Amino acid sequence: MMTESKEIKLIDEEGRRVDGRRPDELRPIRIEAGVLEKSDGSAYIEVGRTKIFAAVFGPREVHPKHLELPDRAVLNCRYHMASFSVDERKPLGMTRREIELSKVLREALETVVFLEEFPRTMIDVFVEVIQADGGTRTAGITAASLALADAGIPMSDLIAATAVGKVAGTLVLDINDIEDKYGEADMPVAMTPRRNSIVLLQLNGRMTSEELKKALEMASQGIKKIYQLQIEALKKRYSVVSLEE
Amino acid sequence: MSLSTKSPKTSPIKIMQNRIYELLKQGKRIDGRAPHEVRPVSISTSVIEKADGSAMVSMGGTKILTGIKVETGTPYSDRPNEGVFTVNAELLPLASASFEPGPPDERAVELARIVDRCIRESRAIDLEKLVITEGEKVYMLYIDIYVLDYDGNYFDPAVLSAVAALATCKIPRYEMRNGKLERVEGESMKTPIRTIPVSVMIGVIQDRLLVDPSPMEERALDTSVILGYDSDSNIVSIQKNTPGLLSLNMMEQIIELGSKKAEELRSILVEAVGLGS
């Protein structure tokens with residue numbers, strides 16, 4: 001995000017991006033609910049080449065015990081990347097980036113989960129990035145909220161998310177890794193579509209006030225589409241198709 | 001692991017929130033400030049002789065000390081013609097009863113990364129001027145931030161102190177002589193600064209905004225956002241740093257308020273460190 005693109009052409013003469021998309025086009029997205037056996041709820045998401053599993057355990061006993069809260073559940077969230085998920089092997093253990101993202105993901109989820117329904121319990125949310133090609137925190141939270149729903153945990157809404165970037169002076173939806181590396185800005189946004197409100201917002205890179213407002217509008221349009229895919233994934237998992245008469 | 005720590009919005013906090021909200025509607029705050037008024041800022045630089053750059057900043061009762069140590073080292077392989085800087089932050093146990101000794105927790109990590117982003121994304125430091133030999137030797141700036149006293153909003157004074165320390169930092173000069181890196185005794189250079197980034201923390205209670213929250217206000221806020229601005233009023237970083245809903249409409253108001261407040265803080269900073277912006 002610090003150097004302007006020197007060799008790579010991020011937007012071509014026809015206004016297409018490095019992977020052929022138009023500025024307001026999402027990557028192909030695949031979302032599935034209930035993909036892991038042992039967890040109470042789980043989800044898998046692919047956004048282009050980004051691939052992420054999310055799993056939820058709980059409400060269950062609080063561990064360690066002293067973290068217990070008398071009037072609500074404790075939400076624990078871990079965003080983690082596999083060592084092989086990135087170009088250069090990521091060292092084992094939590095990096096500062098992963099610690100920060102775990103925090104912002106948790107705070108976004110806390111906004112929609114009815115934690116007060118489960119006092120003295122803990123809900124664990126694990127997000128495992130198995131391949132990273134940009135937009136991992138936004139895809140991660142999209143999967144995490146679906147996993148929470150799959151676990152049957154009451155929530156005010158699902159959370160859907162995407163990032164808007166600025167590359168070669170153009171605002172683009174759902175940026176990939178190359179656009180993030182060589183572009184001028186990356187703004188991850190997560191929203192609760194029913195309230196049309198932001199629950200996660202970050203920005204790395206320069207934008208004017210006007211660009212920022214436009215970028216938020218673009219994000220909210222993309223988020224609505226992702227939300228539909230989440231709902232379809234839930235329906236696919238839970239609607240019963242009877243083969244008998 | 002990231003655990004929820006903030007207390008729920010149950011009765012005592014709800015009562016406080018109502019009180020703060022009622023006051024905001026009258027244009028007032030509990031400590032007598034106007035809603036969009038920051039607490040008094042004082043900045044003193046070069047307070048630590050052993051550091052290459054340092055600054056003590058207080059914003060109301062919050063006190064932050066930043067020290068910079070400069071070393072030499074090899075650049076990152078993907079950026080051979082750039083110097084390196086890193087930002088670290090610690091919430092010292094002497095700053096608050098709620099801070100504990102030990103490695104930086106998620107709050108400290110977040111603080112460090114917010115300050116880092118604000119400086120990095122605004123391209124405040126001209127890193128290409130921190131190269132001794134391309135691809136081999138560069139200056140490395142270690143910017144270490146210590147929260148000494150926590151009285152709400154440690155983000156904005158942390159950015160102020162980091163930038164003040166950078167702007168007044170004297171980088172000891174090194175030279176390659178006969179293939180060896182040697183210190184040029186008695187010589188130093190100023191940090192090459194291109195723009196003066198500042199951050200503004202803005203809190204939301206229902207349909208009202210306030211800046212530079214006190215600890216009590218921080219607990220009562222619906223949500224809060226920290227925005228970084230460069231000298232040309234571009235937004236260079238954002239972090240929504242607490243749970244809660246934020247409408248698009250409120251976000252638009254936050255962007256406008258932030259840029260006004262950023263200018264105010266920048267002029268205080270420029271005056272304190274004697275920078276022509």
Side-chain angles (χ1 to χ4, degrees), chain A residues 1-3 67 69 71-79 88 94 96-112 115-116 122-125 156 181 184-185 187 189-192 195-213 216-217 220, chain B residues 1-10 77-79 81-82 87-88 104-114 116-117 120-123 127 195 222-223 225-230 232-252 254-256 258-259:
Chain A
M1 232 157 310
M2 294 170 53
T3 44
L67 296 172
L69 296 174
D71 55 353
R72 61 173 186 146
V74 170
L75 186 69
N76 172 37
C77 179
R78 190 179 99 130
Y79 163 97
E88 218 167 286
M94 295 285 277
R96 296 207 306 175
R97 177 179 172 276
E98 288 169 310
I99 293 170
E100 184 203 350
L101 295 193
S102 297
K103 178 180 183 286
V104 293
L105 255 55
R106 184 200 75 226
E107 288 171 347
L109 294 169
E110 267 183 61
T111 308
V112 295
L115 294 172
E116 61 279 12
M122 186 169 208
I123 298 168
D124 288 291
V125 180
S156 60
K181 273 210 181 83
E184 296 109 74
M187 183 179 75
V189 186
M191 297 178 76
T192 65
R195 300 281 296 271
N196 202 31
S197 285
I198 301 162
V199 289
L200 179 154
L201 179 64
Q202 294 180 297
L203 168 69
N204 280 264
R206 279 189 291 190
M207 282 197 198
T208 64
S209 307
E210 287 315 307
E211 283 170 337
L212 185 55
K213 288 175 197 166
L216 283 169
E217 190 45 46
S220 115
Chain B
M1 266 216 330
S2 175
L3 291 162
S4 43
T5 46
K6 213 179 168 189
S7 350
K9 307 263 161 65
T10 42
S77 55
D78 56 340
R79 297 186 188 283
N81 56 350
E82 286 182 10
V87 179
N88 189 58
D105 66 3
E106 64 174 23
R107 292 175 298 178
V109 168
E110 183 181 50
L111 171 60
R113 286 180 58 86
I114 287 173
D116 182 292
R117 225 175 278 162
R120 197 174 299 281
E121 301 298 343
S122 64
R123 303 185 207 172
L127 294 171
T195 190
D222 285 333
T223 192
V225 184
I226 299 139
L227 304 99
Y229 291 85
D230 68 10
D232 300 319
S233 287
N234 291 308
I235 298 139
V236 295
S237 60
I238 298 180
Q239 179 91 333
K240 181 175 175 293
N241 74 318
T242 43
L245 295 173
L246 176 63
S247 71
L248 291 171
N249 172 35
M250 286 311 277
M251 191 56 210
E252 290 199 3
I254 287 171
I255 294 166
E256 299 309 325
S259 86

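Chain A is the first sequence line, chain B the second, and so forth, proteins listed ahead of strands; every chain is numbered from 1. Computed from a predicted structure; not experimentally measured. Keep in mind that the numbers below use all heavy atoms, side chains included, and drop hydrogens, waters and symmetry copies.
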Are the side chains of [Y] and [X] in contact, using a 4.5 Å heavy-atom criterion?
| X | Y | answer |
| --- | --- | --- |
| B:R123 | A:R206 | yes |
| B:I238 | A:Q202 | no |
| A:L203 | B:E121 | no |

Look at A:T111, A:T192, A:I198 and state which one has the largest set of heavy-atom pairs under 4.5 Å with chain B.
A:I198

Can you tell me which portion of [X] sits under 4.5 Å from chain B's heavy atoms? Options are side chain, backbone, both or neither.
| X | value |
| --- | --- |
| A:R96 | both |
| A:V199 | both |
| A:L201 | both |

Contacting region of B:N88 [heavy-atom separation from chain A under 4.5 Å]:
both

Could you measure the distance from the [atom1] atom of [X] to the [atom2] atom of [Y]? Nearest 0.5 Å is fine.
| X | Y | atom1 | atom2 | value |
| --- | --- | --- | --- | --- |
| B:N249 | A:L216 | CG | CG | 11.5 Å |
| B:Q239 | A:L200 | CD | CG | 8.0 Å |
| A:E100 | B:L111 | CD | CG | 10.5 Å |
| A:K213 | B:I255 | NZ | CD1 | 6.0 Å |

After noting the C-alpha distance and the side-chain angles of B:R113 and A:N204, does the key distance pass the side chain to side chain contact (heavy atoms under 4.5 Å, CB included) rule?
CA-CA 11 Å; B:R113 286 180 58 86; A:N204 280 264; over 6 Å; no

On a heavy-atom basis, the closest approach of A:E217 and B:L248 is OE1-CD1, 4.3 Å

Identify the heavy atoms of A:S197 and B:S247 that sit nearest to each other, and give their distance.
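Taking every non-hydrogen atom into account, OG-CA, 3.9 Å.
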
Can you confirm whether more than 12 heavy atoms, excluding those of A:R97, are under 6.0 Å from its CZ atom?
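Atom CZ in A:R97 is packed in, count exceeds 12.
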
Begin with the C-alpha distance, continue with both residues' side-chain angles, and end with the deciding distance and a verdict on side chain to side chain contact (heavy atoms under 4.5 Å, CB included) for A:E211 and B:N234.
CA-CA 10 Å; A:E211 283 170 337; B:N234 291 308; 5.7 Å; no

Would A:K103 and B:V109 satisfy side chain to side chain contact (heavy atoms under 4.5 Å, CB included), going step by step from the backbone distance to the final call?
CA-CA 10 Å; A:K103 178 180 183 286; B:V109 168; over 6 Å; no

Highest number of heavy-atom pairs under 4.5 Å with chain A: which of B:E256, B:E252, B:M250?
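Highest number of pairs under 4.5 Å: B:E252.
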
